[in-house]
Amino acid sequence: MSQTLTAQDAVRSDANIITVQQHILNEQRRLSPDASGSFSWLLSGITLATKMISARVRRAGLLDVTGQVGNVNVQGEQQQKLDVWADQALIHCLGVRENVAIIASEESEHAITFDGRTGRGKYAVLFDPLDGSSNIDVNVSVGTIFSIVELPADRKYQTDPTTAVLQAGARQLAAGYVIYGSSTMLVYTTGHGVHGFTLDPAVGAYVLSHEDMRIPNAGNIYSCNTANWNEFPAGYREYMKTLREGVDGRAYTLRYIGSLVADFHRTLVNGGVFLYPATTSYPQGKLRLLYEANPISFIAEQAGGIATDGKQRILDIVPSDIHERTPLVVGSPAEMMRFQATVEQT
Ligand code: AHM
Ligand code: MG
């Protein structure tokens, strides 16, 4: 017997959404039935803050939020008004989650702890509140990147919070980013695959739109600020020369937005490779290990990709400073294997 769907049934199926909160709870029940739900409570702080940031970004041209504040942050970079606002939104939303003991942000020199939370906080959240913010004034995609680590049980972090967050990326419990692009999208991993959610403005929720994202095995795009070509190490130049000539009959094209989240998101969806090498101006690389390279690399690996600093796996680097920088090369297995082989031979 066949079944005919009525208009009412169609509405019902359209109502069958899975929000990011629901997804995390489902994952927790499946993987560790005893989980307390405290992790999803933490994550709801991030989703709330990023919805607030998204709303602000969407109205950027109408509010007095574009342009620079006039301050220079710990990185020596001009703070944009929205950088500061996004940072405060995240600090506020995570500050009221009692299981968050430490926050480390691109915008703050030191790790932040919360008064009166002795012994209750279990997690540290590290983030870049508004990545690529120099693009805000010209209406180009920006993003928020976050990384979550568990704190040592000895509670020594209360006296030395900065050292407590200096953990190798392989120890991340979860990582993700939100891209404020043509739509606002949250992509996250807890080490069990990568899942993408699109913010439905009508519902006000991140709705599952990209389940179990996998990076293509190969792509035809490379992404790099090649204006710095003369400053790149020889191996990187050799590698990009091979891409310009084409590999195995495959011609490459170049795309570079200048927002890591956007350049990486395209790489995740379409495949290919993103490179930010060390340069003369940034001898250690420009991107920050703890709240840019680590979360991006965790997601890349969980999606089947590879991420290195040109010499070693990003997730194996043991950091010595919360604002440490690193070269970053991340992408599809085919491009990354060729990159590694070329660098080794050069
Ligand atoms: P930011 O965190 O201050 O925005 O800087 C990081 C950004 C990345 O989003 C992007 O990949 C890179 O800087 C672009 O740098 P460049 O302009 O040197 O190509
Ligand atoms: Mg950034």
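Along the sequence shown, residues carry numbers from 1. Atoms within each ligand, like the ligands themselves, are counted from 1 in listed order. As a basis for the values below, the full set of heavy atoms in this structure was taken, side chains included, without hydrogen atoms, waters or symmetry mates. Note that the coordinates shown come from a computational prediction; the quantities given were computed from them, not determined experimentally.
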Identify, by atom number and element, the atoms of ligand 1 in contact range of Ser133, meaning under 4.0 Å from any of its heavy atoms. 4 (O)
Under 4.0 Å from any heavy atom of Asn225, which atoms of ligand 1 are there? 16 (P), 18 (O), 19 (O)
Taking the ring centre of each residue, are Phe197 and His210 less than 6.0 Å apart? no
Does the side chain of Glu238 come under 3.5 Å of the side chain of Thr346 through a donor N or O and an acceptor N or O? no
I need the atoms of ligand 1 closer than 4.0 Å to a non-hydrogen atom of Tyr256, numbered in the order shown. 14 (C), 15 (O), 16 (P), 19 (O)
Count the heavy atoms belonging to other residues, nucleotides or ligands that lie under 6.0 Å from CZ of Arg171, then report whether that count exceeds 12. no
Parallel, tilted or perpendicular for Phe339 and Tyr239, by the 30°/60° rule? perpendicular
Hey, does the side chain of Thr267 reach the backbone of Gly272 with a donor-acceptor pair shorter than 3.5 angstrom? no
For Leu260, the atoms of ligand 1 under 4.0 Å from one of its heavy atoms are 8 (C), 9 (O), 10 (C), 11 (O)
For Tyr276, counting its heavy atoms only, list the atoms of ligand 1 lying under 4.0 Å from any of them. 15 (O), 16 (P), 18 (O), 19 (O)
Any Tyr282 heavy atom less than 4.0 Å from ligand 1: no
Could you tell me if any non-hydrogen atom of Asp131 lies under 4.0 Å from any atom of ligand 1? yes
Candidate with minimal heavy-atom separation from atom 12 (C) of ligand 1, of Glu292, Lys286, Arg288: Lys286
Lys/Arg cation over aromatic Trp85: Arg59, 6.0 Å, 45° cone: no
Tell me whether Glu211 contacts the main-chain N or O of Leu208 through its side chain, where contact means a donor paired with an acceptor under 3.5 Å. no
Looking only at distances, please establish whether an N/O atom of ligand 1 is found under 3.5 Å from an N/O atom of Val261. no
Do any nitrogen or oxygen atoms of Glu106 come within less than 3.5 Å of a nitrogen or oxygen of ligand 1? yes
Would one find an N or O of Gly132, backbone or side chain, under 3.5 Å from an N or O of ligand 1? yes
Are side-chain N/O atoms of Glu27 and Thr190 paired as donor and acceptor at under 3.5 Å? yes
Which of the atoms of ligand 1 are close to Ser259, meaning less than 4.0 Å from one of its heavy atoms? 9 (O)
Going by distance only, is there an N or O of Asp128 that falls short of 3.5 Å from an N or O of ligand 1? yes
Does the side chain of Thr326 pick up a donor-acceptor pair with the side chain of Gln284 at under 3.5 Å? no
